[in-house]
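Chain letters run A, B, ... following the sequence lines, proteins first, then strands; residues in each count from 1.
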Amino acid sequence: MIDLRAARNDPDAYRAALARKGAAGVFDELLAADARWREVQQQVDELRARTKLKGKPTPEQLTELTAIKAELQPLEADLAEASQRLQDLLDRVPNPPAEDTPDGNAEEDAVEVKVVGEPPSFDFEPRDHLDLSAAHGWIDVERGAKVSGSRFVYRVGDVALLEIALYRWALARIAQKGHTPMLPPVLVRDEAMYGTGFFPSDKGDFYEVPEDGLYLAGTSEVPLAAFHGGEELDGLPLRYVAFSTCFRREAGAAGKDTRGMFRVHQFDKVEMFVFCEPGRSREEHERLLDIEEELVQELGLPYRVLNIAAGDLGASAAKKYDIEAWFPGQSRYREITSTSNTTDYQSRRLGIRYRQDDGKLEHVHTLNGTAVTARAMIAVLENFQDADGSIAVPEPLTEFGAPARLGADRVPAQ
RNA sequence: GGAGGGGUGGCAGAGCGGUCGAAUGCGGCGGUCUCGAAAACCGUUAUCCGUCGUUAGGCGGAUCGAGGGUUCAAAUCCCUCCCCCUCCGCCA
């Protein structure tokens, strides 16, 4: 939710920024709804003030009160309607993009910030992760489909060990940097989905459990942000890192990335989350990006960093960096991590504040960043493959239970 | 799943139709005392919205888990929902 009072005071700046997200129209509707709401609210306040009295009313007062009440009733109905309309619009207006977020609406409009490392050159035809897994049954999409449907996979044998080592490794690295490790719930109430800005705009992207009024979180950003919902925070910045399973319906992605496990309905993720003072969020955002880069570098993956265009940001982000790793199986860079500065957009919706030095309460800023997901595992498989189909595992992962080399024994799973 | 009890300010806890944004205690902040500190004493101490004011702040409205209802009037009565606790059952 945007700062309505600030928007009221500087509507032109807000409209210009929101136009970059294609939201100038809703914003104008919001301003109109706000003007209407304030008008009615004032009328209601005045009438209510006249109904206040202490002790038992005299008969004369009683008739007067009845008269006021008759006048008040329709106005209160108007007020309920006006504030509902205001709230609906407030729910729909996205976070304005930061000044250094590039213009544009599409993925291609992102600005390439840097390219690190070189795509590996193979003296054989590199295989993608599905082909690599075939001889060993590492990634079982057929049985995934049999049991759960398309876009569900089993990871089997050494790949299961590799993947979980990746999560354990990332968790350890980030915990070392002062982030508190967490294992959050992944079934959440709609308040958490609204609070993080995924609802109402992206409601169709998530699984719902209607019997219990719960939703499967698409990312641990949701339970992490909502963790401090309604609280007044001390000791900022508060930094967390969580491991959780994520669920996405991938509505509207039909036909996209259908091969292998690049895009699936259920995947695991290690996610960073930060609550900080507003003046500090840009710095924290760079910090999260630095950590993401360190991890990708430690794995030895070639990658590039993108500054995502305004129109491609989603409701809550003001600025977003994606890291795209090189995937030899696709011969191109694909997203493996993403870090967003959501400024005070989520904290306003969730009611998360801190006390400034002057004693005033102010909303915190929140940020999130992926540490690793299963996509990093795929990138490892594809980038470090050899001609014989075996895979060299990055050394740090072996400390966390990954086999030193995958596929050397060539024992296929049944 | 069954049976009870409860959700009030930063915390504890009273209030159970009007004089209640709410006693009291603790904590916090300011002060007196002191060489300094502790203790004691005095004062102060919720949030949100609107509006006026350059600021301090003034004025008005709202808020006692959430939403409805009864009433001239609700923290207090009624209904629905959510959450917490205790006991029994079941279970990773």
J.: Report yes if at least one side-chain N or O of A:Arg8 is closer than 4.0 Å to OP1 or OP2 of B:G50; otherwise report no.
T.: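 The answer is yes; a side-chain N or O of A:Arg8 sits under 4.0 Å from OP1 or OP2.
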J.: Let me know the distance between NE2 of A:His363 and P of B:C48, rounded to the nearest Å.
T.: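 Going from NE2 in A:His363 over to P in B:C48 covers 8 Å.
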J.: Mark yes when over 12 heavy atoms from residues, nucleotides or ligands other than A:Gln87 sit less than 6.0 Å from its CD; otherwise mark no.
T.: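 For A:Gln87, atom CD is crowded (more than 12 foreign heavy atoms under 6.0 Å).
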J.: Output side-chain donor-acceptor pairs under 3.5 Å for residues 94-103 of chain A, partner residues at least two apart or in another chain, one line each.
T.:
| from | atom 1 | to | atom 2 | distance (Å) |
| --- | --- | --- | --- | --- |
| A:Asn95 | ND2 | A:Ser316 | O | 3.0 |
| A:Asn95 | ND2 | A:Thr342 | O | 3.2 |
| A:Asn95 | ND2 | A:Thr343 | OG1 | 2.8 |
| A:Asp100 | OD1 | A:Arg282 | NH2 | 3.3 |
| A:Asp100 | OD2 | A:Arg282 | NH1 | 3.4 |
| A:Asp100 | OD2 | A:Lys319 | NZ | 2.7 |
| A:Thr101 | OG1 | A:Ala318 | O | 2.8 |
| A:Asp103 | OD1 | A:Arg20 | NH1 | 2.8 |

J.: Go through the structure and list residues passing ring-ring contact (aromatic ring centres under 6.0 Å, His included) with A:Trp37, not counting sequence neighbours.
T.: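 So A:Trp37 forms no ring-ring contact (aromatic ring centres under 6.0 Å, His included) with any residue.
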J.: Any pair with a residue in residues 294-325 of chain A that passes ring-ring contact (aromatic ring centres under 6.0 Å, His included), sequence neighbours left out, goes on the list, sorted by first then second residue, please.
T.: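 Residue pairs with at least one partner in residues 294-325 of chain A: A:His285-A:Tyr321.
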J.: Whole-Å distance between B:A73 P and A:Ile68 CD1?
T.: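 In whole Å, B:A73 P lies 11 Å from A:Ile68 CD1.
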J.: Is RNA chain B part of any stem, that is, at least 3 consecutive Watson-Crick or G-U pairs with both distances under 3.5 Å, and where?
T.: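 In RNA chain B, stems of three or more pairs: B:1-7 with B:82-88, B:10-12 with B:24-26, B:27-32 with B:40-45, B:46-52 with B:57-63, B:65-69 with B:77-81.
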J.: Could you check how far CD of A:Gln87 sits from P of B:C48, rounded to whole Å?
T.: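 Interatomic distance, CD of A:Gln87 to P of B:C48: 16 Å.
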J.: Rounded to whole angstroms, how far apart are CG on A:Asp190 and P on B:A66?
T.: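 About 17 Å, once rounded to whole Å.
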J.: For nucleotides B:A14 and B:G65, find the distance between their P atoms and express it as a whole number of Å.
T.: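 B:A14 and B:G65 have their P atoms separated by 14 Å.
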J.: Provide, to the nearest angstrom, the distance between the CG atom belonging to A:Leu214 and the P atom belonging to B:C83.
T.: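 These atoms are roughly 9 Å apart.
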J.: If each of A:Arg189 and A:Thr51 is mapped to the nucleotide of RNA chain B with the nearest heavy atom, which maps nearer the 5' terminus, i.e. the 5' end?
T.: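 Taking each residue's closest nucleotide, the earlier one in sequence belongs to A:Thr51.
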J.: Using the C1' atoms only, state how far B:C11 lies from B:G27, rounded to an integer number of Å.
T.: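 Comparing C1' positions in B:G27 and B:C11 gives a spacing of 7 Å.
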J.: It should be established whether A:Arg355 places a side-chain nitrogen or oxygen under 4.0 Å from OP1 or OP2 of nucleotide B:G10.
T.: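 No, A:Arg355 has no side-chain N/O under 4.0 Å of OP1/OP2 on B:G10.
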J.: Using OP1 and OP2 only, check whether a side-chain N or O of A:Arg353 sits under 4.0 Å from B:C48.
T.: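 So the side chain of A:Arg353 is within the cut-off, an N or O lying under 4.0 Å from OP1 or OP2 of B:C48.
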J.: Going 5' to 3' through nucleotides 55-64 of chain B, assign each nucleotide B (protein heavy atom under 4.0 Å from a base atom), S (under 4.0 Å only from sugar-phosphate atoms) or - (no protein heavy atom that close).
T.: -----BSS--
J.: For the C1' atoms, the ones on B:G18 and on B:A74, what distance do you get once it is rounded to whole angstrom?
T.: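 Straight-line distance between the two C1' atoms is 10 Å.
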J.: Starting at CE of A:Met1, measure out to CG of A:Leu90 and round the result to the nearest 0.5 Å.
T.: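 Answer for the CE-CG pair, A:Met1 versus A:Leu90, is 5.5 Å.
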J.: Could I get a table of every N or O pair under 3.5 Å where one atom is in the protein and the other is in nucleotides 90-92 of chain B?
T.:
none

J.: Could you work out the separation of B:U19 and B:A56 based on their C1' atoms and round it to a whole Å?
T.: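 It comes out at 31 Å once rounded to the nearest Å.
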J.: Send over the distance from A:Glu191 CD to B:C81 P, rounded to a whole Å.
T.: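 In whole Å, B:C81 P and A:Glu191 CD are 16 Å from each other.
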J.: Using a 3.5 Å distance criterion without hydrogens, assess whether the side chain of A:Lys21 forms a donor-acceptor pair with backbone atoms of A:Gly314.
T.: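 A pair under 3.5 Å: yes.
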J.: By the salt bridge (Lys or Arg N to Asp or Glu O under 4.0 Å) test, which pairs, at least two apart or in different chains, include something from residues 302-317 of chain A?
T.: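 Those involving residues 302-317 of chain A are A:Glu112-A:Arg304, A:Arg304-A:Glu324.
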J.: Could you list the residues that satisfy salt bridge (Lys or Arg N to Asp or Glu O under 4.0 Å) with A:Asp10, not counting sequence neighbours?
T.: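 In terms of salt bridge (Lys or Arg N to Asp or Glu O under 4.0 Å), with neighbours along the sequence ignored, A:Asp10 is linked to no residue.
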J.: What interatomic distance, in whole Å, is found between P of B:A39 and the corresponding atom of B:A46?
T.: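 It works out to 23 Å between them.
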J.: A:Asp109: what forms a salt bridge (Lys or Arg N to Asp or Glu O under 4.0 Å) with it, not counting sequence neighbours?
T.: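 Counting only residues at least two positions away or on another chain, A:Asp109 forms no salt bridge (Lys or Arg N to Asp or Glu O under 4.0 Å).
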J.: Can you measure A:Glu232 atom CD to B:U45 atom P for me and round it to whole angstrom units?
T.: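 To the nearest whole Å, that distance equals 17 Å.
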J.: Take atom P in B:A12 and the same atom in B:G7, then report the distance between them in whole Å.
T.: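 12 Å, rounded to whole Å.
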J.: Under the salt bridge (Lys or Arg N to Asp or Glu O under 4.0 Å) rule, collect the residues that match up with A:Arg263, sequence neighbours excluded.
T.: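 Here the qualifying residues are A:Glu250, A:Asp257.
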J.: What pairs of residues pass the salt bridge (Lys or Arg N to Asp or Glu O under 4.0 Å) test when at least one of them lies in residues 230-247 of chain A, not counting sequence neighbours?
T.: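 Listed by first then second residue: A:Glu232-A:Arg355, A:Arg239-A:Glu284.
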J.: With A:Tyr194, which residues qualify under ring-ring contact (aromatic ring centres under 6.0 Å, His included), at least two apart?
T.: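 Testing A:Tyr194 for ring-ring contact (aromatic ring centres under 6.0 Å, His included), a comparison that skips the adjacent residues, returns A:Phe199.
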J.: Is the distance between the ring centroids of A:Phe327 and A:Phe262 less than 6.0 Å?
T.: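 Yes, the ring centres sit under 6.0 Å apart.
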J.: Measuring only the C1' atom in each nucleotide, how far is B:U63 from B:U76? A whole number of Å is fine.
T.: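 Straight-line distance between the two C1' atoms is 16 Å.
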J.: Say you pick atom C1' in B:C64 and the same atom in B:G10; how far apart are they, in whole Å?
T.: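 So the two C1' atoms sit 16 Å from each other.
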J.: Taking atom C1' of B:U47 as reference, at what distance in whole Å does atom CD1 of A:Ile352 sit?
T.: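 In whole Å, B:U47 C1' lies 17 Å from A:Ile352 CD1.
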